[in-house]
Structures are given as C-alpha cells and as structure tokens.
Amino acid sequence: MPELPEVETTRRGIEPHVVGRRVVSVIVRQASLRWPVEAALPKVAAGQAVLRARRRAKYLLLDLETHTLMVHLGMSGSLRVMPAGAPTLFHDHVDIVLDDGNCLRYNDPRRFGSLHLLSSDEHPLLSNLGPEPLSAEFDGAWLYHRARGRRAAVKQFIMDGHVVVGVGNIYANEALFMAGIHPARAAGRISLERYRRLAEAIKVLLLAAIEQGGTTLRDFVGGDGKPGYFAQQLRVYGRAQLACRQCAGILREIRQGNRSSVYCSNCQR
DNA sequence: ATGACAACCTGTGGGC
DNA sequence: TGCCCACAGGTTGTCA
C-alpha cells in the first residue's frame, strides 16, 4: 500500500485530529508485527499529549511529551481516525485512543509494519537513512556522487534507503520512465546530466502524487478515509504488455531483486 | 562496502 | 466451483 506519498497523505490526514489531543490509552490486540510491540508502550504513552505529527522516510513520528511514537505501515498497513468504539475489523491490531472520543486505528493484514516508542529522536531504524527525496540535499549531483563504483542496476540503486528514502517500486518505475533511463542500467554508468533528470523526475512525481492523495491500489485510503487519485497517471507501473503512452511501443516487464520493473525499451536506454 | 537473497505475513487473482 | 501457485505498495538480516 504505502509509498512515501501515501505515508505523507496519511500524516496530513491524521494531523488535525491528533495534534493537541491527549492519548488516553493504547490498545494492542496483536503485538506480533514486523517487530514485537513493546509491552510497556501503552503504559508509557497513556496520558501524554500529542505535540506534532512528523514523517521521516516512510515512518510516521508522533511526538508525545516525553517520547515519540514511530509507526511504519509496511506493505499493507493503514492508520485511520475513527470513533474509539467503532467495531473492530480483522487485522485492526492497535488503537491509540484519544481524549476526544476518537482513536487512531492501525490495521495491517500482512503485519510488515511496526510500532515503536522512542525515548529520543534516535533509533537504529532511523540512523543511516539517506536524504529525503524532496529536500534540497537530494539532487542529481548527490545521486551521481553516490553511484560512483556501483555496479547494481539503477532501479535497485534508487530504491536503496541509504541512497535516498521513500522511493518504492511504483515511483522507481515511473521516475525511470520519466527520465528515459533503462531500469537495468548500471548505476555507476549514468551521466551527471541524466541523474539530474532522474532526481527531478523523482521530486516531480512524489509531489504530484502527494497532491493527489497518493496512489490508490486496491483500497488504500488516507487518514481521513479518502482515496488517492494518482493511479490514473501511472505511465508504466502495472502496464506491462500495454502500449507506451509516449511512443506506442509495447511495455516490457523484467524482475529485479524480486520486484517487477516495467519499462519502454524504446524510450528508456 | 556491495550485492544477492531469504525472511517476515496475508490476501487476491489467474490458470487449470 | 475450487485448488494451487505466483505475486503484491517494504524493509531488514545474513552471508559470500
């Protein structure tokens, strides 16, 4: 479900409902997520006001008074605001009950997501992350610099969180198409000029997707329950065997690191 | 350091 | 209709 735009959409959706509220309790129905939810989490979080709702990479960070609640939606997670008493569905693993009668409900069928309580801004999962793709720090020069000596395919290179965070499979495919770069090209054999185009494509795509509420595949909904509309604009993702929207050639599909890559062999070199 | 790959889970859709 | 397999938006850990 979530790539960076979906996580940002979720953050924006829940922010007005949680900031300024106080956590009454945390109900953990299923502690066995990507990492076990610490048993002490509910006790520590209860009673604390929510000061801010931030995002780093695909992690949502809810700053409480003494700790930070760190949420990852994994592959299939969602976080929704709803009345605390709403009937629970299958895979509604955690409720963060707020003092206005609502709760933040975490649902995640595949349980690849996680919930941590940080006592500071530091956490092993957050250290060693690359720059935010929408920051000034991330640009073509950065990609070019980091690609020196790397023989891995550029697609896998830009999906490496040490290089840049938040570029998942959908947007990696789309950005490479937009920049005219073949996904299997070795990262170390791409010019600075082409990396400038790629960095720009990543920014443009992520911004556009955020603006439209994320990419709805299956049934993704943001924190406010609205679907995203970016799916209609995908150029290559999910379009293998269909005609390229730019040259009408047939889009090809290959597998890289067990993820599917769709590209146009005419438009991408 | 880099890269290849398995692992963590459930749900869905296609093919037979 | 039903069954089995392949595959799905992410990340980490391990090993060569």
Side-chain angles (χ1 to χ4, degrees), chain A residues 1-10 29-37 55-60 70-79 89-94 106-116 123-130 133 145-176 183-189 202 205-206 209-210 212-222 227-234 236-241 253-262:
Chain A
M1 211 177 269
E3 289 212 24
L4 186 144
E6 288 70 41
V7 177
E8 179 61 21
T9 296
T10 298
R29 300 185 191 84
Q30 170 61 276
S32 169
L33 303 180
R34 176 70 167 83
W35 282 281
V37 179
R55 178 188 58 74
R56 170 71 174 115
K58 293 172 187 166
Y59 290 98
L60 280 165
M70 180 171 80
V71 183
H72 198 289
L73 302 178
M75 202 97 125
S76 57
S78 66
L79 208 48
L89 303 174
F90 205 24
H91 303 311
D92 278 343
H93 304 315
V94 179
Y106 174 80
N107 180 287
D108 184 5
R110 290 179 74 178
R111 288 191 272 135
F112 282 2
S114 61
L115 212 69
H116 285 89
H123 191 278
L125 293 171
L126 297 178
S127 56
N128 303 318
L129 287 180
H145 167 67
R146 291 300 311 266
R148 293 314 82 206
R150 293 198 57 166
R151 300 163 73 172
V154 62
K155 167 109 178 312
Q156 298 181 268
F157 172 68
I158 59 171
M159 289 180 72
D160 179 347
H162 302 292
V163 174
V164 58
V165 300
V167 181
N169 200 36
I170 296 178
Y171 299 104
N173 276 298
E174 295 297 314
L176 288 166
R185 178 166 291 275
R189 305 197 50 188
I202 289 169
L205 283 163
L206 292 178
I210 289 169
Q212 290 166 65
T215 303
T216 293
L217 262 53
R218 296 217 169 81
D219 53 359
F220 171 78
V221 286
Y229 292 97
F230 194 72
Q232 305 160 18
Q233 298 175 35
L234 297 175
V236 287
Y237 182 84
R239 302 194 66 245
Q241 309 306 324
E253 179 166 27
I254 55 176
R255 292 198 74 77
Q256 298 181 279
N258 207 31
R259 312 301 295 275
S260 88
S261 300
V262 185

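Naming: A, B, ... by sequence-line order, numbering from 1 per chain.
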A/Asn128 CG to B/dA1 P, straight-line distance once rounded to whole Å: 10 Å
Candidates C/dA8, C/dG10, C/dT12 - which lies nearest the side chain of A/His72: C/dG10
Under 3.5 Å donor-acceptor, A/Glu174 side chain and A/Leu234 backbone: no
Which nucleotides of DNA chain C pair, in dot-bracket form (Watson-Crick or G-U under 3.5 Å, | meaning another strand): .|||||||.|||||||
Separation of C/dG9 P from A/Lys58 NZ (nearest whole Å): 10 Å
Polar side-chain atom of A/Ser261 near backbone of A/Pro183 as donor-acceptor pair, under 3.5 Å: no
Other residues, nucleotides, ligands: >12 heavy atoms within 6.0 Å of A/Arg189 CZ: no
Donor-acceptor pair, side chain of A/Asn107 and main chain of A/Phe90, under 3.5 angstrom: yes
Spacing of A/Leu73 atom CG relative to B/dT10 atom C1', expressed in whole Å: 16 Å
Annotated protein contacts, base or backbone, on nucleotides 2-9 of chain B with a non-hydrogen cut-off under 4.0 Å, one of B, S, - each: -S----BB
Sugar-phosphate only, base, or nothing, as touched by A/Ser114 at under 4.0 Å among non-hydrogen atoms: nothing
Whole-Å distance separating the NE2 atom of A/His162 from the C1' atom of B/dA1: 10 Å
Sidechain-backbone polar pair: A/Glu3 side chain, A/Pro5 backbone, donor-acceptor under 3.5 Å: no
Rounded C1' spacing from B/dT12 to C/dT11 in Å: 22 Å
Test item: A/Arg111 side-chain N/O and A/Ser32 main-chain N/O as donor-acceptor pair under 3.5 Å: yes
Whole-Å gap separating C1' (C/dG10) and CG (A/Leu129): 13 Å
Sugar-phosphate only, base, or nothing, as touched by A/Phe90 at under 4.0 Å among non-hydrogen atoms: sugar-phosphate
Reported CG-to-NE2 distance for the pair A/Leu125 and A/His72, which is rounded to 0.5 angstrom: 9.0 Å
CZ/A/Arg29: more than 12 non-hydrogen atoms of other groups inside 6.0 Å: yes
Whole-Å gap separating P (C/dT11) and CG (A/Leu126): 12 Å
C/dT14 and B/dC9, which share atom name P, separated by this distance in whole Å: 16 Å
Sugar-phosphate only, base, or nothing, as touched by A/Tyr171 at under 4.0 Å among non-hydrogen atoms: nothing
OP1 or OP2 of C/dC7 under 4.0 Å from side-chain N/O of A/Ser260: no
Rounded distance in Å - CG (A/Asp92) to P (B/dT10): 16 Å
Nearest-angstrom distance from the residue atom CZ of A/Phe230 to P of C/dG9: 16 Å
Donor-acceptor under 3.5 Å (A/Asn128 side chain, A/His162 main chain): no
Check: A/Ala153 main-chain N/O paired with A/Gln256 side-chain donor or acceptor under 3.5 Å: no
Sugar-phosphate only, base, or nothing, as touched by A/Leu125 at under 4.0 Å among non-hydrogen atoms: sugar-phosphate
